[in-house]
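Below is one structure, written out as structure tokens; comments come after it.
Treat the numbers as computed from the prediction; the structure is a model and nothing was measured.
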Amino acid sequence: DSGVTQTPKHLITATGQRVTLRCSPRSGDLSVYWYQQSLDQGLQFLIQYYNGEERAKGNILERFSAQQFPDLHSELNLSSLELGDSALYFCASQRGGTLASTDTQYFGPGTRLTVL
Amino acid sequence: AQSVTQLGSHVSVSEGALVLLRCNYSSSVPPYLFWYVQYPNQGLQLLLKYTSAATLVKGINGFEAEFKKSETSFHLTKPSAHMSDAAEYFCAVRELRETDSWGKFQFGAGTQVVVTP
């Protein structure tokens with residue numbers, strides 16, 4: 001158990017819909033990362049938040065957005081869903097988050113999204 | 001722009017034999033390099049990382065990797081494979097820029113390791 005929790009574990013929805021994935025970081029961790037893992041595109045870094053602010057942006061689509069709240073949990077919002085958005089979405093937390101940080105990212109168990 | 005290439009999507013190794021997973025990167029600035037392992041139905045776990053200190057990096061579970069700038073490589077090795085090493089392994093790069101200490105990750109396609117008795 002990494003200490004990072006993600007809800008829900010599984011999510012099945014239809015094309016065009018909107019969903020919200022939630023991530024609670026380990027106690028004391030200020031950074032939250034979001035990743036997408038699919039068979040087609042492999043593992044993709046989406047976005048990083050640190051203490052409530054966006055810090056690094058990867059291959060995140062405009063239909064996707066994220067935020068980190070004052071209690072440091074984070075939500076990833078996916079809208080206008082397409083079949084190709086079906087994937088495993090991981091979040092990870094880290095105490096720091098800059099490249100100088102020597103601490104480790106800890107990954108959550110993931111949310112499996114299926115778009116029908 | 002940064003990129004990562006992992007040579008071999010599948011590697012089969014005998015128990016007790018050397019594990020060698022290849023990773024080459026492309027980066028316009030000094031990179032930070034990582035190896036992660038993913039066991040079935042689990043998230044990723046960091047094995048080791050290179051952050052511009054020692055070029056030979058030792059990680060968990062007996063793995064190590066060597067950063068070779070001239071070859072733009074960061075290959076992962078383990079002297080003796082164990083059945084528990086069966087998993088998928090990902091190499092990743094994160095670029096250090098003077099104006100941005102955060103840097104986004106770029107992952108390789110992954111290498112599935114199968115360990116045979």
Side-chain angles (χ1 to χ4, degrees), chain A residues 1-6 9-10 21 23-26 30-51 53-60 66 87-112, chain B residues 1-6 8-10 23 25 27 29-54 57-61 63 87-112:
Chain A
D1 183 1
S2 66
V4 179
T5 60
Q6 289 188 248
K9 275 192 172 181
H10 302 274
L21 312 183
C23 171
S24 293
R26 295 190 325 147
L30 298 177
S31 272
V32 170
Y33 299 76
W34 284 100
Y35 300 89
Q36 178 196 58
Q37 187 175 34
S38 65
L39 288 175
D40 289 346
Q41 300 191 41
L43 188 60
Q44 302 278 333
F45 164 69
L46 295 179
I47 198 163
Q48 177 196 357
Y49 277 82
Y50 177 81
N51 205 20
E53 294 189 11
E54 180 185 310
R55 288 300 188 180
K57 207 166 188 175
N59 301 323
I60 188 166
L88 196 52
Y89 291 84
F90 288 107
C91 80
S93 76
Q94 185 177 13
R95 189 63 51 97
T98 67
L99 288 166
S101 297
T102 57
D103 48 307
T104 300
Q105 281 187 43
Y106 291 88
F107 280 75
T111 293
R112 183 168 294 281
Chain B
Q2 60 192 9
S3 67
V4 180
T5 301
Q6 288 184 241
S9 59
H10 287 80
C23 173
Y25 70 91
S27 177
V29 296
Y32 281 39
L33 296 158
F34 305 78
W35 275 101
Y36 290 88
V37 62
Q38 185 177 29
Y39 298 103
N41 301 313
Q42 293 188 28
L44 276 74
Q45 181 181 7
L46 180 69
L47 281 176
L48 48 81
K49 61 183 176 183
Y50 165 75
T51 57
S52 74
V57 183
K58 293 188 184 300
I60 62 171
N61 302 340
F63 284 93
E88 190 158 19
Y89 293 78
F90 293 91
C91 182
V93 62
R94 199 174 186 191
E95 289 186 331
L96 172 64
R97 296 180 179 275
E98 288 183 8
T99 57
D100 175 12
S101 62
W102 297 93
K104 64 179 185 180
F105 279 92
Q106 185 75 35
F107 287 86
T111 298
Q112 185 71 45

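- Residue Y35(A) touches chain B through its side chain alone, counting heavy-atom pairs closer than 4.5 Å.
- With S31(A) contributing its side chain and R95(A) its backbone, the two residues share no donor-acceptor pair below 3.5 Å.
- By the 30° and 60° cut-offs, the orientation of the rings of Y36(B) relative to F107(B) is tilted.
- Taking the ring centre of Y32(B) as origin, the terminal cationic atom of R94(B) falls outside the region bounded by 6.0 Å and 45° from the ring axis.
- When each of Q45(B), Q106(B), Q42(B), K49(B) is scored by its heavy-atom pairs under 4.5 Å with chain A, the top score falls to K49(B).
- Q37(A) touches chain B through its side chain: at least one heavy atom from C-beta onward sits under 4.5 Å away, while N, CA, C and O do not.
- A donor atom on one side chain and an acceptor atom on the other are found under 3.5 Å apart for Y33(A) and Q94(A).
- Interface residue F90(B): only side-chain heavy atoms are found under 4.5 Å from chain A.
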